[in-house]
Amino acid sequence: MQTARRRRASAFTAAVAAIALLVTGSIATTDEPAYAVDYPSWNDVLEARRDVAAAQAQIRQIRAAIAAITAEVERTQAVAEQKGAVYFEAQQAFDEAAYTADQLQAQADEAQLRADESRSRAGQFVAELARSGGGDLSASLFTNPGQADDLLSRLGFASKITEQAEGIHAAALQDQNAAQALTDQANVAKKIRDELRIEAQAAYEEAQAAALEAQTALIAQQENQARLEAQLAVLVENRAATEADYAAGIAAQYGSGSSLDAGQIVNGWAVPTSGYVTSPYGYRVHPVYGYVALHTGVDISASCGQPTYAASGGTIEYAGWNGTYGYFIRINHGGGVTTAYAHIQQGGILVQTGQPVAVGQQIARAGTTGASTGCHTHLEVRINGSSTDPIAFLRNKGLSVG
């Protein structure tokens with residue numbers, strides 16, 4: 001939004017200038033340089049970069065959350081599948097128990113029928129025995145001796161009926177007991193069947209609910225990631241536009257060689273590399289040779305190969321090997337001011353003697369050549385040949401190191 005406003009302001013300024021040219025034959029000027037109105041500041045660039053970095057950090061967090069939730073989804077789905085298998089086995093057990101219960105019930109019903117029939121036959125025999133007078137045969141034999149044969153015959157018949165009745169009664173009791181046992185077994189089977197089904201169903205539903213909950217969380221995070229990535233795309237586009245406008249402003253003011261990565265440029269000067277001070281200007285114990293000597297510059301931390309930029313515009317006076325400085329560059333900025341950059345990595349000098357350079361233009365890659373204990377940038381500032389504290393010099397220009 002801010003960049004868009006600046007572009008509109010730039011278009012308005014250009015329109016005003018064009019009208020002035022048509023009316024007066026010359027381009028109207030203002031007291032403030034055009035770049036101050038038309039182009040974003042370095043703070044705008046940093047703000048755009050911070051927005052992108054914040055969005056990227058959020059996306060990284062979301063991706064980490066998605067990875068964790070994905071693992072949870074896989075775990076819960078595995079549990080659901082396991083519970084589903086248990087449910088399947090329980091269903092099979094239920095089906096078998098149900099079948100067994102039905103079979104036992106059928107057998108129990110059949111046994112009950114047999115028992116009922118046995119009791120019915122036993123009752124008929126008892127009734128027949130009562131009608132035959134089987135209980136009074138012995139008395140009749142003594143009181144009616146002339147009818148002995150007939151009475152004995154009836155007694156024998158009644159005895160057989162009694163034996164059959166007893167046998168039928170015993171069979172009826174056995175059938176009744178068998179029917180009751182089968183009924184009891186059927187009831188037990190039905191109870192087991194119902195318990196298995198309920199338990200398996202509950203386990204499956206619990207596992208399925210956990211899997212659905214994890215899946216819902218995953219979908220929500222994926223949607224969140226998609227939203228953040230869409231926002232990031234806009235922020236990246238805005239950052240690119242802001243940086244491009246800033247670079248155009250720097251080029252308009254200081255020349256096309258200036259680099260956006262040089263950072264903030266104030267009053268034609270820039271900090272030549274990003275990092276903190278590891279060894280300040282002044283006397284110190286030399287880290288390699290161990291004696292006390294004047295440190296005529298300042299060491300700024302830098303990773304091997306990190307870009308080194310020209311602190312200001314000027315002409316390359318020297319670019320090459322320089323004793324304990326290792327690979328070395330010196331720039332003449334005019335007015336008796338020079339800057340120097342030491343311990344450049346081998347092959348890291350990107351300019352030649354006599355070449356003009358712009359403020360913020362990359363001139364080298366940091367290294368540890370010469371008398372050095374590690375990769376860094378040694379920066380020197382000299383005024384009329386005499387060294388001065390680079391930190392204080394840059395501070396006077398409105399810049400800070402580290």
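In Glu237, the CD atom is not crowded: 12 or fewer heavy atoms of neighbouring residues, nucleotides or ligands sit closer than 6.0 Å. Atom CD of Glu317 is surrounded by more than 12 heavy atoms from other residues, nucleotides or ligands within 6.0 Å. Atom CD of Glu213 sits in a sparse spot, with 12 or fewer heavy atoms from other residues, nucleotides or ligands closer than 6.0 Å.
Closest approach of His376 and Ala366 over heavy atoms only: O-CB, 4.0 Å. Across all non-hydrogen atoms, the minimal contact from Ile344 to Thr369 is O-OG1, 2.7 Å. Of all heavy-atom pairs spanning Gly335 and Asn384, the tightest one is O-OD1, 4.5 Å. Pro390 and Glu380 make their closest contact through CG-CA, 4.3 Å (heavy atoms, listed as atom of the first residue, atom of the second, distance).
The residue from Tyr341, Tyr325, Tyr327 that alone fulfils the ring-ring contact (aromatic ring centres under 6.0 Å, His included) condition with His378 is Tyr325.
Under the ring pair (Phe, Tyr, Trp, His ring centres under 6.0 Å) criterion, Tyr276 pairs with no residue at all, not counting sequence neighbours.
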Full working for side chain to side chain donor-acceptor pair (under 3.5 Å) between His333 and Thr338:
CA-CA 6 Å; His333 303 287; Thr338 63; over 6 Å; no

Checking Tyr309 against Val359 for the side-chain contact (heavy atoms from CB on, under 4.5 Å) test, could you report, in this order, the C-alpha distance in whole Å, the side-chain angles of both residues, the deciding distance, and whether it holds?
CA-CA 8 Å; Tyr309 305 98; Val359 59; over 6 Å; no

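Once rounded to the nearest 0.5 Å, the distance linking OH of Tyr291 with CZ of Arg284 reads 9.5 Å. To the nearest 0.5 Å, atom CG of residue Asp299 and atom OG1 of residue Thr278 are 4.5 Å apart.
Put simply, the side chain of Gln361 gets close to the backbone of Ala358: a donor and an acceptor are under 3.5 Å apart. Although no hydrogens or angles enter the test, the distance criterion places a donor-acceptor pair under 3.5 Å between the side chain of Asn267 and the main chain of Lys397.
Looking only at side-chain heavy atoms (C-beta outward), Leu232 and Gln56 come within less than 4.5 Å of each other. Between Tyr318 and Asn322, some side-chain heavy-atom pair lies under the 4.5 Å cut-off. Under the 4.5 Å side-chain criterion, counting only non-hydrogen atoms from C-beta, Leu394 is not in contact with Val381.
A ring-centre distance under 6.0 Å is found for Trp42 and Tyr246.
Listed by first and then second residue, the disulfide (SG to SG under 2.5 Å) pairs that reach into residues 322-355 come to none, sequence neighbours excluded. Listed by first then second residue, pairs satisfying disulfide (SG to SG under 2.5 Å) with a partner in residues 330-402 read Cys304-Cys375, not counting sequence neighbours.
Between Arg49 and Glu243 a salt bridge is recorded (basic side-chain N to carboxylate O distance below 4.0 Å). A salt bridge between Glu47 and Arg239 is absent, with no side-chain N of the basic residue lying under 4.0 Å from a carboxylate O of the acidic one.
Remark: the Gln306 side chain and the Thr273 side chain contain an N/O donor-acceptor pair separated by less than 3.5 Å.
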